[in-house]
Protein chains: 2
Amino acid sequence: MSQQRHGSTPGEADGVPAFPDLPEATIARLPEYLRALHHLAETGAETVSSEGLAAAAGVNSAKLRKDLSHLGSYGTRGVGYDVALLVDQIEYILGLDKNRAVCLVGVGNLGHALAGYAGFASRGFRVVALFDADPKKVGEQINGLTVQHTDDLERIAAEESIAIGVIATPPGTAQAVADALVAAGVTSILNFAPGVLSVPSNVDVRKVDLAIELQILSFHEHRKASLTALPGGRSAPPASGDQEAVGS
Amino acid sequence: MSQQRHGSTPGEADGVPAFPDLPEATIARLPEYLRALHHLAETGAETVSSEGLAAAAGVNSAKLRKDLSHLGSYGTRGVGYDVALLVDQIEYILGLDKNRAVCLVGVGNLGHALAGYAGFASRGFRVVALFDADPKKVGEQINGLTVQHTDDLERIAAEESIAIGVIATPPGTAQAVADALVAAGVTSILNFAPGVLSVPSNVDVRKVDLAIELQILSFHEHRKASLTALPGGRSAPPASGDQEAVGS
DNA sequence: AGGTGTGAATACGTTCACAGCG
DNA sequence: CGCTGTGAACGTATTCACACCT
(Lines give C-alpha, C1' and ligand atoms only; values in the text may rest on other atoms or scores of the structure.)
Protein backbone atom coordinates (compact mmCIF):
# COMPACT_ATOMS: atom_id res chain seq x y z
CA MET A 1 0.00 0.00 0.00
CA SER A 2 2.87 2.33 0.72
CA GLN A 3 4.49 2.30 -2.70
CA GLN A 4 2.97 0.63 -5.72
CA ARG A 5 5.11 1.30 -8.76
CA HIS A 6 2.89 -0.54 -11.16
CA GLY A 7 4.09 1.07 -14.32
CA SER A 8 7.80 0.30 -13.87
CA THR A 9 9.25 -2.25 -16.27
CA PRO A 10 11.49 -4.54 -14.24
CA GLY A 11 14.50 -4.69 -16.55
CA GLU A 12 14.60 -0.95 -16.94
CA ALA A 13 16.51 0.40 -13.94
CA ASP A 14 16.89 4.03 -14.84
CA GLY A 15 17.06 5.59 -11.43
CA VAL A 16 15.75 4.04 -8.25
CA PRO A 17 13.69 1.00 -9.20
CA ALA A 18 11.37 1.07 -6.18
CA PHE A 19 13.11 -1.58 -4.15
CA PRO A 20 10.74 -2.94 -1.55
CA ASP A 21 12.27 -4.47 1.55
CA LEU A 22 10.92 -7.96 1.47
CA PRO A 23 10.79 -10.15 4.58
CA GLU A 24 13.77 -12.50 4.77
CA ALA A 25 11.48 -15.51 4.82
CA THR A 26 9.95 -14.39 1.55
CA ILE A 27 13.31 -13.83 -0.10
CA ALA A 28 14.40 -17.34 0.84
CA ARG A 29 11.36 -18.75 -0.95
CA LEU A 30 11.59 -16.73 -4.16
CA PRO A 31 14.23 -19.01 -5.69
CA GLU A 32 11.96 -21.96 -5.07
CA TYR A 33 9.07 -20.22 -6.80
CA LEU A 34 11.38 -19.38 -9.65
CA ARG A 35 12.41 -22.98 -10.12
CA ALA A 36 8.78 -24.07 -10.10
CA LEU A 37 7.90 -21.37 -12.62
CA HIS A 38 10.69 -22.40 -14.97
CA HIS A 39 9.43 -25.93 -14.76
CA LEU A 40 5.90 -24.79 -15.56
CA ALA A 41 7.11 -22.68 -18.45
CA GLU A 42 8.81 -25.73 -19.95
CA THR A 43 5.57 -27.65 -19.85
CA GLY A 44 3.98 -24.83 -21.82
CA ALA A 45 1.79 -23.28 -19.13
CA GLU A 46 0.95 -19.61 -19.70
CA THR A 47 -0.66 -18.94 -16.34
CA VAL A 48 -0.77 -20.56 -12.91
CA SER A 49 -3.10 -20.20 -9.99
CA SER A 50 -1.64 -19.55 -6.56
CA GLU A 51 -2.83 -23.01 -5.68
CA GLY A 52 -0.96 -24.59 -8.56
CA LEU A 53 2.27 -22.71 -8.08
CA ALA A 54 2.18 -23.25 -4.34
CA ALA A 55 1.89 -27.00 -4.83
CA ALA A 56 4.79 -26.99 -7.28
CA ALA A 57 6.93 -25.07 -4.81
CA GLY A 58 5.92 -27.04 -1.73
CA VAL A 59 4.19 -24.28 0.21
CA ASN A 60 0.56 -23.42 0.87
CA SER A 61 -1.26 -20.97 -1.32
CA ALA A 62 -1.85 -18.30 1.32
CA LYS A 63 1.87 -18.00 1.94
CA LEU A 64 2.57 -17.81 -1.76
CA ARG A 65 0.01 -15.08 -2.35
CA LYS A 66 1.33 -13.02 0.53
CA ASP A 67 4.90 -13.45 -0.69
CA LEU A 68 4.02 -12.37 -4.21
CA SER A 69 1.93 -9.49 -2.96
CA HIS A 70 5.04 -8.13 -1.25
CA LEU A 71 6.74 -7.63 -4.55
CA GLY A 72 3.69 -5.78 -5.81
CA SER A 73 3.09 -8.55 -8.25
CA TYR A 74 0.79 -8.91 -11.14
CA GLY A 75 -1.84 -11.56 -10.86
CA THR A 76 -5.18 -11.51 -12.54
CA ARG A 77 -8.16 -12.19 -10.32
CA GLY A 78 -10.16 -15.09 -11.53
CA VAL A 79 -7.25 -16.25 -13.68
CA GLY A 80 -3.92 -16.50 -11.89
CA TYR A 81 -0.38 -15.36 -12.55
CA ASP A 82 1.30 -14.90 -15.90
CA VAL A 83 4.19 -17.36 -15.80
CA ALA A 84 6.60 -15.47 -18.05
CA LEU A 85 5.92 -12.15 -16.35
CA LEU A 86 6.42 -13.58 -12.89
CA VAL A 87 9.70 -15.19 -13.94
CA ASP A 88 10.95 -11.81 -15.08
CA GLN A 89 9.80 -10.11 -11.89
CA ILE A 90 11.48 -12.59 -9.59
CA GLU A 91 14.69 -12.75 -11.61
CA TYR A 92 14.84 -8.99 -11.52
CA ILE A 93 14.27 -8.80 -7.78
CA LEU A 94 16.90 -11.45 -7.14
CA GLY A 95 19.29 -9.63 -9.43
CA LEU A 96 19.83 -12.72 -11.56
CA ASP A 97 20.00 -10.64 -14.72
CA LYS A 98 23.37 -9.34 -13.58
CA ASN A 99 25.32 -12.54 -14.37
CA ARG A 100 27.38 -12.25 -11.23
CA ALA A 101 30.96 -13.42 -11.01
CA VAL A 102 31.65 -16.05 -8.36
CA CYS A 103 34.96 -17.32 -7.09
CA LEU A 104 35.52 -20.53 -5.23
CA VAL A 105 38.21 -20.95 -2.60
CA GLY A 106 39.32 -24.42 -1.58
CA VAL A 107 39.37 -27.09 -4.26
CA GLY A 108 39.26 -30.14 -2.03
CA ASN A 109 36.65 -32.83 -1.97
CA LEU A 110 33.70 -30.47 -1.80
CA GLY A 111 35.18 -27.53 -3.68
CA HIS A 112 35.93 -29.76 -6.61
CA ALA A 113 32.30 -30.78 -6.80
CA LEU A 114 31.09 -27.20 -6.49
CA ALA A 115 33.39 -26.10 -9.32
CA GLY A 116 31.57 -28.48 -11.60
CA TYR A 117 28.09 -27.85 -10.26
CA ALA A 118 25.80 -27.13 -13.18
CA GLY A 119 23.16 -25.45 -11.04
CA PHE A 120 25.30 -22.34 -10.66
CA ALA A 121 25.64 -21.57 -14.34
CA SER A 122 21.99 -22.39 -15.07
CA ARG A 123 20.97 -19.53 -12.79
CA GLY A 124 22.84 -16.33 -13.53
CA PHE A 125 26.21 -17.17 -11.97
CA ARG A 126 29.61 -17.48 -13.60
CA VAL A 127 32.37 -19.24 -11.70
CA VAL A 128 35.37 -17.22 -12.88
CA ALA A 129 38.18 -18.19 -10.54
CA LEU A 130 39.33 -21.08 -8.36
CA PHE A 131 41.83 -20.84 -5.52
CA ASP A 132 43.66 -23.20 -3.22
CA ALA A 133 46.47 -22.85 -0.72
CA ASP A 134 48.01 -26.21 -1.63
CA PRO A 135 50.84 -25.74 -4.19
CA LYS A 136 50.13 -29.22 -5.55
CA LYS A 137 46.63 -28.12 -6.56
CA VAL A 138 47.67 -24.81 -8.07
CA GLY A 139 47.79 -25.08 -11.83
CA GLU A 140 45.29 -27.92 -11.96
CA GLN A 141 42.58 -27.53 -14.59
CA ILE A 142 38.98 -27.93 -13.42
CA ASN A 143 36.10 -27.33 -15.75
CA GLY A 144 38.18 -25.07 -17.96
CA LEU A 145 39.57 -23.00 -15.10
CA THR A 146 43.08 -23.06 -13.69
CA VAL A 147 43.43 -23.26 -9.93
CA GLN A 148 45.34 -20.26 -8.59
CA HIS A 149 47.11 -19.73 -5.31
CA THR A 150 45.24 -18.08 -2.45
CA ASP A 151 48.10 -15.61 -2.10
CA ASP A 152 46.75 -14.01 -5.26
CA LEU A 153 43.13 -14.13 -4.14
CA GLU A 154 42.83 -10.55 -3.01
CA ARG A 155 44.39 -9.10 -6.16
CA ILE A 156 42.53 -11.32 -8.61
CA ALA A 157 39.17 -11.06 -6.87
CA ALA A 158 39.40 -7.30 -7.06
CA GLU A 159 40.47 -7.36 -10.72
CA GLU A 160 37.66 -9.71 -11.75
CA SER A 161 35.17 -7.74 -9.65
CA ILE A 162 33.91 -10.83 -7.94
CA ALA A 163 30.43 -10.41 -6.46
CA ILE A 164 30.23 -13.59 -4.40
CA GLY A 165 32.94 -15.69 -2.78
CA VAL A 166 32.39 -19.32 -1.92
CA ILE A 167 34.53 -20.76 0.87
CA ALA A 168 35.09 -24.51 0.81
CA THR A 169 38.33 -24.70 2.75
CA PRO A 170 39.07 -26.50 6.01
CA PRO A 171 37.75 -24.61 9.05
CA GLY A 172 41.19 -23.34 10.11
CA THR A 173 41.72 -21.20 7.05
CA ALA A 174 38.17 -19.97 6.48
CA GLN A 175 38.56 -16.74 8.44
CA ALA A 176 41.73 -15.74 6.60
CA VAL A 177 40.01 -16.40 3.28
CA ALA A 178 37.03 -14.33 4.36
CA ASP A 179 39.35 -11.48 5.32
CA ALA A 180 41.01 -11.61 1.91
CA LEU A 181 37.65 -11.63 0.15
CA VAL A 182 36.47 -8.66 2.16
CA ALA A 183 39.71 -6.81 1.44
CA ALA A 184 39.09 -7.41 -2.25
CA GLY A 185 35.71 -5.77 -1.97
CA VAL A 186 33.54 -8.88 -1.97
CA THR A 187 30.36 -8.26 0.01
CA SER A 188 28.67 -11.66 -0.20
CA ILE A 189 30.09 -14.91 1.06
CA LEU A 190 28.77 -18.45 0.98
CA ASN A 191 30.59 -20.45 3.62
CA PHE A 192 30.79 -24.24 3.70
CA ALA A 193 33.40 -24.36 6.44
CA PRO A 194 32.17 -25.07 9.95
CA GLY A 195 32.59 -22.21 12.37
CA VAL A 196 31.71 -18.57 12.69
CA LEU A 197 33.12 -15.97 10.33
CA SER A 198 33.58 -12.46 11.52
CA VAL A 199 33.05 -9.87 8.82
CA PRO A 200 32.07 -6.20 8.59
CA SER A 201 28.36 -5.54 8.88
CA ASN A 202 27.98 -4.61 5.22
CA VAL A 203 29.05 -8.10 4.18
CA ASP A 204 26.44 -10.85 3.98
CA VAL A 205 27.42 -14.34 4.97
CA ARG A 206 25.35 -17.43 4.39
CA LYS A 207 26.44 -20.69 5.87
CA VAL A 208 25.86 -24.24 4.75
CA ASP A 209 26.98 -26.99 7.06
CA LEU A 210 26.23 -30.48 5.88
CA ALA A 211 26.93 -32.07 9.24
CA ILE A 212 24.45 -29.74 10.92
CA GLU A 213 21.66 -30.88 8.61
CA LEU A 214 22.31 -34.49 9.55
CA GLN A 215 22.32 -33.62 13.23
CA ILE A 216 18.94 -31.93 12.92
CA LEU A 217 17.56 -35.04 11.23
CA SER A 218 19.13 -37.14 13.94
CA PHE A 219 17.26 -35.14 16.55
CA HIS A 220 13.96 -35.85 14.84
CA GLU A 221 14.84 -39.54 14.60
CA HIS A 222 15.53 -39.52 18.31
CA ARG A 223 12.25 -37.74 19.00
CA LYS A 224 10.23 -40.09 16.84
CA ALA A 225 11.85 -43.10 18.50
CA SER A 226 11.05 -41.85 21.97
CA LEU A 227 7.45 -41.14 20.97
CA THR A 228 6.79 -44.63 19.66
CA ALA A 229 8.40 -46.03 22.82
CA LEU A 230 5.97 -44.12 25.01
CA PRO A 231 4.09 -46.46 27.37
CA GLY A 232 0.72 -44.81 26.92
CA GLY A 233 1.45 -43.34 23.51
CA ARG A 234 -0.11 -44.25 20.19
CA SER A 235 2.33 -46.03 17.92
CA ALA A 236 2.75 -43.37 15.24
CA PRO A 237 1.20 -39.99 15.93
CA PRO A 238 0.80 -37.96 12.72
CA ALA A 239 3.45 -35.36 13.35
CA SER A 240 2.72 -31.86 12.12
CA GLY A 241 4.17 -32.34 8.70
CA ASP A 242 6.83 -29.95 7.51
CA GLN A 243 6.73 -31.06 3.94
CA GLU A 244 3.46 -32.78 3.26
CA ALA A 245 2.14 -34.80 0.40
CA VAL A 246 2.00 -32.74 -2.74
CA GLY A 247 0.74 -35.28 -5.22
CA SER A 248 2.98 -34.82 -8.25
CA MET B 1 8.77 -24.77 34.34
CA SER B 2 6.46 -27.55 33.28
CA GLN B 3 8.84 -30.48 33.56
CA GLN B 4 12.28 -30.25 35.07
CA ARG B 5 13.85 -33.72 35.22
CA HIS B 6 17.01 -32.59 36.92
CA GLY B 7 18.11 -35.90 38.31
CA SER B 8 18.01 -37.83 35.01
CA THR B 9 21.39 -38.86 33.61
CA PRO B 10 21.28 -38.24 29.87
CA GLY B 11 22.91 -41.45 28.62
CA GLU B 12 20.67 -43.60 30.74
CA ALA B 13 17.42 -44.03 28.82
CA ASP B 14 15.64 -46.59 30.90
CA GLY B 15 12.07 -45.70 30.18
CA VAL B 16 10.86 -42.39 28.85
CA PRO B 17 13.71 -39.90 29.08
CA ALA B 18 11.57 -36.79 29.47
CA PHE B 19 11.78 -35.61 25.90
CA PRO B 20 10.97 -31.92 25.76
CA ASP B 21 9.66 -30.53 22.51
CA LEU B 22 12.19 -27.90 21.66
CA PRO B 23 11.41 -25.06 19.25
CA GLU B 24 12.71 -25.80 15.75
CA ALA B 25 14.87 -22.69 15.82
CA THR B 26 16.57 -23.97 18.95
CA ILE B 27 17.18 -27.41 17.49
CA ALA B 28 18.82 -25.87 14.45
CA ARG B 29 21.28 -24.05 16.69
CA LEU B 30 22.23 -26.93 18.97
CA PRO B 31 24.75 -28.39 16.50
CA GLU B 32 26.45 -25.02 16.33
CA TYR B 33 26.70 -24.86 20.12
CA LEU B 34 28.06 -28.37 20.10
CA ARG B 35 30.79 -27.50 17.65
CA ALA B 36 31.76 -24.46 19.70
CA LEU B 37 31.81 -26.58 22.86
CA HIS B 38 34.04 -29.20 21.29
CA HIS B 39 36.38 -26.45 20.26
CA LEU B 40 36.41 -25.05 23.79
CA ALA B 41 37.00 -28.48 25.27
CA GLU B 42 40.05 -28.88 23.04
CA THR B 43 41.49 -25.67 24.36
CA GLY B 44 41.12 -27.03 27.87
CA ALA B 45 38.23 -24.93 29.12
CA GLU B 46 36.21 -26.52 31.93
CA THR B 47 33.41 -23.99 32.02
CA VAL B 48 32.01 -21.24 29.76
CA SER B 49 29.78 -18.30 30.40
CA SER B 50 26.74 -17.80 28.22
CA GLU B 51 28.54 -14.76 26.86
CA GLY B 52 31.59 -16.76 25.88
CA LEU B 53 29.75 -19.66 24.32
CA ALA B 54 27.40 -17.33 22.50
CA ALA B 55 30.34 -15.49 20.94
CA ALA B 56 31.93 -18.76 19.87
CA ALA B 57 28.69 -19.87 18.27
CA GLY B 58 27.85 -16.57 16.63
CA VAL B 59 24.66 -15.73 18.51
CA ASN B 60 23.83 -13.36 21.34
CA SER B 61 23.85 -14.53 24.91
CA ALA B 62 20.16 -14.07 25.61
CA LYS B 63 19.29 -16.42 22.79
CA LEU B 64 21.79 -18.97 23.95
CA ARG B 65 20.54 -18.94 27.52
CA LYS B 66 16.94 -19.35 26.42
CA ASP B 67 17.89 -22.19 24.11
CA LEU B 68 19.77 -24.03 26.83
CA SER B 69 17.03 -23.39 29.36
CA HIS B 70 14.66 -25.29 27.06
CA LEU B 71 16.62 -28.46 27.49
CA GLY B 72 16.48 -27.99 31.25
CA SER B 73 20.17 -27.48 31.24
CA TYR B 74 22.72 -27.31 33.96
CA GLY B 75 24.46 -24.00 34.39
CA THR B 76 25.87 -22.68 37.61
CA ARG B 77 24.88 -19.15 38.46
CA GLY B 78 27.83 -16.90 38.92
CA VAL B 79 30.04 -19.42 37.11
CA GLY B 80 28.71 -20.61 33.76
CA TYR B 81 28.18 -23.96 32.05
CA ASP B 82 30.22 -27.10 32.52
CA VAL B 83 31.61 -27.78 29.07
CA ALA B 84 31.83 -31.56 29.27
CA LEU B 85 28.37 -31.89 30.79
CA LEU B 86 26.79 -29.67 28.18
CA VAL B 87 28.44 -31.63 25.39
CA ASP B 88 26.90 -34.81 26.75
CA GLN B 89 23.49 -33.19 27.13
CA ILE B 90 23.38 -31.85 23.61
CA GLU B 91 24.77 -35.01 22.05
CA TYR B 92 22.12 -36.98 23.88
CA ILE B 93 19.30 -34.69 22.80
CA LEU B 94 20.47 -34.80 19.19
CA GLY B 95 20.74 -38.57 19.38
CA LEU B 96 24.37 -38.50 18.29
CA ASP B 97 25.25 -41.34 20.62
CA LYS B 98 23.31 -43.70 18.37
CA ASN B 99 25.94 -43.83 15.60
CA ARG B 100 23.32 -43.71 12.89
CA ALA B 101 23.74 -45.43 9.57
CA VAL B 102 23.55 -43.18 6.53
CA CYS B 103 23.26 -44.10 2.89
CA LEU B 104 24.06 -41.89 -0.02
CA VAL B 105 22.24 -42.10 -3.33
CA GLY B 106 23.81 -40.57 -6.42
CA VAL B 107 27.57 -40.69 -6.73
CA GLY B 108 28.03 -37.90 -9.22
CA ASN B 109 29.98 -34.74 -8.77
CA LEU B 110 28.45 -33.80 -5.45
CA GLY B 111 27.72 -37.31 -4.15
CA HIS B 112 31.33 -38.25 -4.61
CA ALA B 113 32.39 -35.35 -2.44
CA LEU B 114 29.80 -36.18 0.20
CA ALA B 115 30.96 -39.78 0.34
CA GLY B 116 34.37 -38.57 1.39
CA TYR B 117 33.19 -35.80 3.68
CA ALA B 118 34.99 -36.14 7.01
CA GLY B 119 32.43 -34.08 8.89
CA PHE B 120 29.91 -36.90 8.82
CA ALA B 121 32.06 -39.47 10.58
CA SER B 122 33.37 -36.96 13.09
CA ARG B 123 29.84 -36.50 14.38
CA GLY B 124 28.06 -39.77 15.04
CA PHE B 125 27.28 -40.82 11.47
CA ARG B 126 28.47 -43.85 9.52
CA VAL B 127 28.10 -43.83 5.76
CA VAL B 128 27.40 -47.51 5.15
CA ALA B 129 26.16 -47.69 1.56
CA LEU B 130 26.47 -45.87 -1.73
CA PHE B 131 24.07 -46.19 -4.65
CA ASP B 132 23.88 -45.03 -8.23
CA ALA B 133 21.65 -45.79 -11.18
CA ASP B 134 24.51 -45.65 -13.68
CA PRO B 135 25.88 -49.16 -14.39
CA LYS B 136 29.27 -47.63 -15.12
CA LYS B 137 29.49 -46.34 -11.57
CA VAL B 138 28.26 -49.54 -9.91
CA GLY B 139 31.20 -51.47 -8.53
CA GLU B 140 33.38 -48.40 -8.15
CA GLN B 141 35.19 -48.15 -4.82
CA ILE B 142 34.85 -44.88 -2.92
CA ASN B 143 36.31 -44.45 0.51
CA GLY B 144 36.25 -48.18 1.14
CA LEU B 145 32.66 -48.64 -0.01
CA THR B 146 31.44 -50.26 -3.20
CA VAL B 147 28.81 -48.39 -5.20
CA GLN B 148 25.68 -50.51 -5.58
CA HIS B 149 22.82 -50.25 -8.01
CA THR B 150 19.75 -48.27 -6.99
CA ASP B 151 17.60 -51.28 -7.91
CA ASP B 152 18.90 -52.85 -4.72
CA LEU B 153 18.41 -49.72 -2.64
CA GLU B 154 15.16 -50.72 -1.01
CA ARG B 155 16.37 -54.18 0.00
CA ILE B 156 19.78 -53.10 1.24
CA ALA B 157 18.56 -50.02 3.06
CA ALA B 158 16.12 -52.17 4.98
CA GLU B 159 18.77 -54.80 5.74
CA GLU B 160 21.29 -52.27 6.98
CA SER B 161 18.60 -50.44 8.95
CA ILE B 162 19.54 -47.12 7.48
CA ALA B 163 18.40 -44.16 9.58
CA ILE B 164 19.07 -41.35 7.16
CA GLY B 165 19.14 -41.28 3.37
CA VAL B 166 21.03 -38.60 1.48
CA ILE B 167 19.84 -37.86 -2.05
CA ALA B 168 22.40 -36.37 -4.42
CA THR B 169 20.89 -37.45 -7.73
CA PRO B 170 19.70 -35.32 -10.62
CA PRO B 171 16.27 -33.77 -9.97
CA GLY B 172 14.42 -36.16 -12.23
CA THR B 173 15.15 -39.26 -10.19
CA ALA B 174 14.97 -37.75 -6.71
CA GLN B 175 11.30 -38.61 -6.13
CA ALA B 176 11.76 -42.24 -7.12
CA VAL B 177 14.74 -42.51 -4.78
CA ALA B 178 12.74 -40.95 -1.97
CA ASP B 179 9.95 -43.44 -2.56
CA ALA B 180 12.41 -46.32 -2.37
CA LEU B 181 13.93 -44.97 0.83
CA VAL B 182 10.52 -44.59 2.40
CA ALA B 183 9.56 -48.11 1.34
CA ALA B 184 12.71 -49.36 3.06
CA GLY B 185 11.59 -47.71 6.29
CA VAL B 186 13.87 -44.68 6.19
CA THR B 187 12.21 -41.77 8.00
CA SER B 188 14.79 -39.01 7.52
CA ILE B 189 16.00 -37.66 4.20
CA LEU B 190 18.55 -35.03 3.33
CA ASN B 191 17.87 -33.85 -0.20
CA PHE B 192 20.38 -32.05 -2.39
CA ALA B 193 18.29 -32.31 -5.54
CA PRO B 194 16.30 -29.24 -6.53
CA GLY B 195 12.55 -29.68 -6.38
CA VAL B 196 9.89 -30.75 -3.93
CA LEU B 197 9.75 -34.28 -2.57
CA SER B 198 6.45 -35.73 -1.55
CA VAL B 199 6.70 -38.11 1.38
CA PRO B 200 4.44 -39.42 4.14
CA SER B 201 4.01 -37.07 7.06
CA ASN B 202 6.07 -39.21 9.42
CA VAL B 203 9.15 -38.73 7.22
CA ASP B 204 11.33 -35.68 7.76
CA VAL B 205 12.93 -34.06 4.76
CA ARG B 206 15.58 -31.40 4.89
CA LYS B 207 16.67 -29.71 1.74
CA VAL B 208 19.93 -28.12 0.76
CA ASP B 209 20.03 -26.25 -2.51
CA LEU B 210 23.33 -24.62 -3.32
CA ALA B 211 21.90 -22.51 -6.12
CA ILE B 212 19.25 -21.09 -3.79
CA GLU B 213 21.88 -19.85 -1.37
CA LEU B 214 23.60 -17.97 -4.15
CA GLN B 215 20.34 -16.46 -5.28
CA ILE B 216 19.63 -15.17 -1.79
CA LEU B 217 23.07 -13.56 -1.71
CA SER B 218 22.41 -12.13 -5.14
CA PHE B 219 19.27 -10.48 -3.85
CA HIS B 220 21.21 -8.79 -1.10
CA GLU B 221 23.85 -7.65 -3.58
CA HIS B 222 21.08 -6.18 -5.66
CA ARG B 223 19.57 -4.47 -2.64
CA LYS B 224 22.89 -3.06 -1.48
CA ALA B 225 23.62 -1.77 -4.97
CA SER B 226 20.28 -0.02 -5.20
CA LEU B 227 20.78 1.56 -1.78
CA THR B 228 24.17 3.05 -2.57
CA ALA B 229 22.69 4.36 -5.81
CA LEU B 230 19.99 6.22 -3.92
CA PRO B 231 19.99 9.95 -4.75
CA GLY B 232 19.65 11.15 -1.17
CA GLY B 233 21.16 8.06 0.43
CA ARG B 234 24.41 7.81 2.38
CA SER B 235 27.01 5.78 0.57
CA ALA B 236 27.09 2.76 2.88
CA PRO B 237 24.34 2.56 5.48
CA PRO B 238 25.22 0.09 8.27
CA ALA B 239 22.74 -2.62 7.44
CA SER B 240 21.30 -4.58 10.34
CA GLY B 241 24.02 -7.20 10.47
CA ASP B 242 23.04 -10.82 10.38
CA GLN B 243 26.39 -12.13 11.43
CA GLU B 244 28.28 -9.39 13.20
CA ALA B 245 31.83 -9.01 14.35
CA VAL B 246 32.67 -11.63 16.91
CA GLY B 247 36.25 -10.77 17.64
CA SER B 248 38.14 -14.05 17.34
C1' DA C 1 -17.83 -18.14 -10.39
C1' DG C 2 -13.04 -18.16 -9.61
C1' DG C 3 -9.01 -16.58 -7.74
C1' DT C 4 -6.11 -12.65 -6.14
C1' DG C 5 -4.78 -9.38 -2.60
C1' DT C 6 -4.99 -8.23 2.19
C1' DG C 7 -6.50 -6.91 7.01
C1' DA C 8 -7.01 -9.39 11.27
C1' DA C 9 -5.84 -13.21 14.20
C1' DT C 10 -2.67 -16.34 15.60
C1' DA C 11 1.71 -18.65 16.30
C1' DC C 12 6.49 -18.43 16.65
C1' DG C 13 10.99 -16.38 17.66
C1' DT C 14 13.93 -12.87 19.71
C1' DT C 15 15.29 -9.46 22.90
C1' DC C 16 14.96 -7.08 27.25
C1' DA C 17 15.64 -6.71 31.90
C1' DC C 18 15.81 -8.45 36.27
C1' DA C 19 14.82 -11.77 40.14
C1' DG C 20 17.28 -15.02 42.47
C1' DC C 21 20.80 -18.49 43.12
C1' DG C 22 25.66 -19.84 44.01
C1' DC D 1 28.81 -9.80 43.03
C1' DG D 2 28.32 -12.37 38.63
C1' DC D 3 25.81 -15.05 35.86
C1' DT D 4 21.95 -18.06 34.92
C1' DG D 5 17.16 -18.74 34.09
C1' DT D 6 12.88 -16.65 32.79
C1' DG D 7 8.58 -13.75 32.55
C1' DA D 8 7.17 -9.95 29.77
C1' DA D 9 7.53 -7.09 25.68
C1' DC D 10 8.42 -6.89 21.18
C1' DG D 11 8.94 -8.17 16.37
C1' DT D 12 8.39 -11.37 12.62
C1' DA D 13 6.07 -15.07 10.05
C1' DT D 14 2.09 -17.85 9.03
C1' DT D 15 -2.64 -18.72 8.56
C1' DC D 16 -7.44 -17.46 8.13
C1' DA D 17 -11.19 -15.64 5.86
C1' DC D 18 -13.25 -12.58 2.92
C1' DA D 19 -13.75 -8.23 0.19
C1' DC D 20 -13.09 -7.21 -4.32
C1' DC D 21 -11.83 -7.53 -9.06
C1' DT D 22 -12.19 -9.90 -13.79
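Small disclaimer: the values here were computed from a predicted structure and weren't measured. Chain letters run A, B, ... following the sequence lines, proteins first, then strands; residues in each count from 1.
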DNA chain C contacts among residues 59-66 of chain A, heavy-atom distance under 4.0 Å: A/Arg65, A/Lys66

Flag, side chain of B/Lys98 to backbone of B/Gly124, donor-acceptor distance under 3.5 Å: no

Separation of atom CD1 in A/Ile27 from atom P in D/dT14, rounded to whole Å: 12 Å

Spacing between A/Asp21 atom CG and D/dG11 atom P, to the nearest angstrom: 15 Å

Residue B/Glu24, side-chain heavy atoms: nucleotide from C/dT4, D/dT6, C/dG13 that is nearest: C/dG13

A/Leu71 CG - C/dT6 C1' separation (whole Å): 15 Å

B/Lys224 bridged to A/Asp204 by N-O distance under 4.0 Å: yes

Closest to side chain of A/Ala25, choosing from C/dG5, D/dA13, C/dG22: D/dA13

Euclidean distance, atom OH of residue A/Tyr74 to atom P of D/dC21 [Å, nearest integer]: 18 Å

Side-chain donor/acceptor contact of A/Arg77 with base of D/dT22 under 3.5 Å: no

B/Arg65/B/Glu51 ion pair, N-O < 4.0 Å: no

C/dG3 OP1/OP2 closer than 4.0 Å to side-chain N/O of A/Ser50: no

side-chain N/O A/Tyr81 vs C/dG5 OP1/OP2, d < 4.0 Å: yes

Any side-chain heavy-atom pair of A/Asp179 and A/Val199 under 4.5 Å: no

B/His70 NE2 to C/dC12 P, straight-line distance once rounded to whole Å: 12 Å

For atom CD of A/Gln89 and atom P of C/dT4, their distance in whole Å: 15 Å

B/Gly75 or A/Arg29, whichever maps to the more 5' nucleotide of DNA chain D: B/Gly75

N-O pairing of B/Arg29 and B/Glu32 below 4.0 Å: no

Interatomic distance where CG belongs to A/Leu86 and P belongs to C/dG3 [whole Å]: 17 Å

Whole-Å distance separating the CG atom of B/Asp67 from the P atom of D/dG5: 12 Å

